[in-house]
Every structure is written in structure tokens, then in C-alpha cells.
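Just below is one structure, and these are the notes that go with it.
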Amino acid sequence: MPEHSPSAVTDESPQRLVSRAIDQSRRLAQAEVELAKEELRRDARQTLKAAVLLGSGALLVLGGTLSLAVSLGLLTSTRGPVLALGLGGAGAVLGWQGARRLPGQPWPTPVRNLRRDLDALRPSLS
């Protein structure tokens with residue numbers, strides 16, 4: 001009868017196997033949390049950039065509107081409406097770029113991934 005070499009799994013006690021499984025689950029959960037944090041940081045940076053562009057665009061449009069109102073009120077300069085159109089156009093472009101850069105749904109993806117992983121880990125931990 002040929003001898004079988006014992007596998008690495010059978011050489012370890014059940015307590016050691018459970019301990020290793022729990023340790024691996026803990027490390028997996030920590031890695032998932034770190035990944036979710038990084039995704040949220042990236043989304044926050046992207047949202048901040050978009051908000052800055054939107055705010056800058058709004059301020060330029062406001063400046064253009066005020067310039068137009070003043071120039072029409074004074075009726076003295078032909079440069080006022082040109083300045084107003086320039087500021088308004090630049091503001092519109094910045095606002096459009098900011099709106100394009102806003103993330104669609106920044107929070108659901110990392111939260112959904114964490115829930116899925118935790119649901120997968122629960123049966124092995126109980």
C-alpha cells in the first residue's frame with residue numbers, strides 16, 4: 001500500500017485553521033475598507049474640482065451680468081457689453097466644464113462593495 005504524504009491542511013489543528021481563516025478575513029476586510037477610503041477620497045477630490053469650476057463660472061457670469069447692467073445703465077461705453085459677453089461666455093464654459101466633471105453617484109459604489117464583502121464574510125465567521 002503506497003504511503004500518502006500528509007497535506008498541509010491536515011497537519012494543522014482545527015483551532016489553528018480557524019485562527020488563520022479569521023486572520024485572513026480580517027485582513028481582507030481591512031483591505032476593502034482601505035480601498036473604499038481611497039475611492040471616496042478620489043470622488044471627493046473630483047467633486048471639489050467640479051465645485052470650484054462651477055463656482056468660478058457662476059462668479060464670472062455674475063460679473064458679466066453686473067457689467068452689462070452698469071454699461072446699459074450709464075449708456076456711455078461700448079466696451080461694457082463686450083466685457084459682459086466675454087465674462088458671461090467664460091463663466092458659461094467654466095460652469096459647463098464643472099458640471100461635466102461632477103461624479104454621477106460617488107457614494108454608492110464603495111458602500112455597495114463593502115456590504116457585498118461583509119455579506120460574503122458573515123457565513124464564514126459564524
Side-chain angles (χ1 to χ4, degrees):
M1 181 185 269
E3 287 187 38
H4 295 291
S5 63
S7 68
V9 173
T10 58
D11 288 347
E12 295 187 45
S13 68
Q15 293 87 2
R16 176 77 176 133
L17 289 173
V18 168
S19 174
R20 282 182 51 201
I22 290 173
D23 186 49
Q24 288 176 352
S25 298
R26 182 183 52 79
R27 282 188 276 152
L28 175 64
Q30 286 176 342
E32 283 294 327
V33 167
E34 289 302 316
L35 181 62
K37 283 181 182 178
E38 184 55 38
E39 287 178 8
L40 291 174
R41 282 187 199 111
R42 186 188 65 235
D43 288 345
R45 282 191 297 268
Q46 184 178 356
T47 302
L48 180 63
K49 288 177 186 177
V52 166
L53 286 172
L54 280 170
S56 300
L59 286 176
L60 284 174
V61 167
L62 178 63
T65 304
L66 290 174
S67 175
L68 183 63
V70 168
S71 68
L72 291 177
L74 296 177
L75 295 174
T76 58
S77 173
T78 59
R79 289 187 223 161
V82 173
L83 176 65
L85 289 175
L87 288 174
V93 168
L94 283 178
W96 175 67
Q97 287 292 321
R100 273 191 34 209
R101 291 183 185 193
L102 282 173
Q105 294 180 344
W107 299 100
T109 303
V111 172
R112 184 175 43 240
N113 289 344
L114 281 175
R115 283 188 182 143
R116 183 195 64 223
D117 292 339
L118 288 174
D119 290 340
L121 285 175
R122 280 191 185 119
S124 65
L125 295 177
S126 57

Q24 CD to S19 OG distance, which is reported to the nearest 0.5 Å: 10.0 Å
Check side-chain contact (heavy atoms from CB on, under 4.5 Å) between V33 and all other residues, then give those that pass, not counting sequence neighbours. K37, L114
Strictly below 4.0 Å, N to O, side chains only: are E39 and R45 in salt-bridge contact? no
Gap separating the CG atom of L102 from the NZ atom of K49, nearest 0.5 angstrom: 13.0 Å
Between the CG atom in L54 and the CG atom in L59, the distance rounded to the nearest 0.5 Å is 11.0 Å
Under the rule for side-chain contact (heavy atoms from CB on, under 4.5 Å), what residues qualify as partners of L68, not counting sequence neighbours? S71, L72, P81, A84
With sequence neighbours excluded, tell me which residues meet side-chain contact (heavy atoms from CB on, under 4.5 Å) with L62. L66
With sequence neighbours left out, the residues meeting side chain to side chain donor-acceptor pair (under 3.5 Å) with R27 are D23
Can I get a per-line list of side-chain donor-acceptor pairs under 3.5 Å for residues 89-100, giving both atom names and the distance, sequence neighbours left out?
none

Has T65 got a side-chain atom pairing as donor or acceptor with V61's backbone, closer than 3.5 angstrom? yes
Find the distance between CG (D43) and CG (L48) and round it off to the nearest 0.5 Å. 12.5 Å
Find out whether S56 and V52 are in side-chain contact, i.e. whether some heavy atom of one side chain is under 4.5 Å from a heavy atom of the other. yes
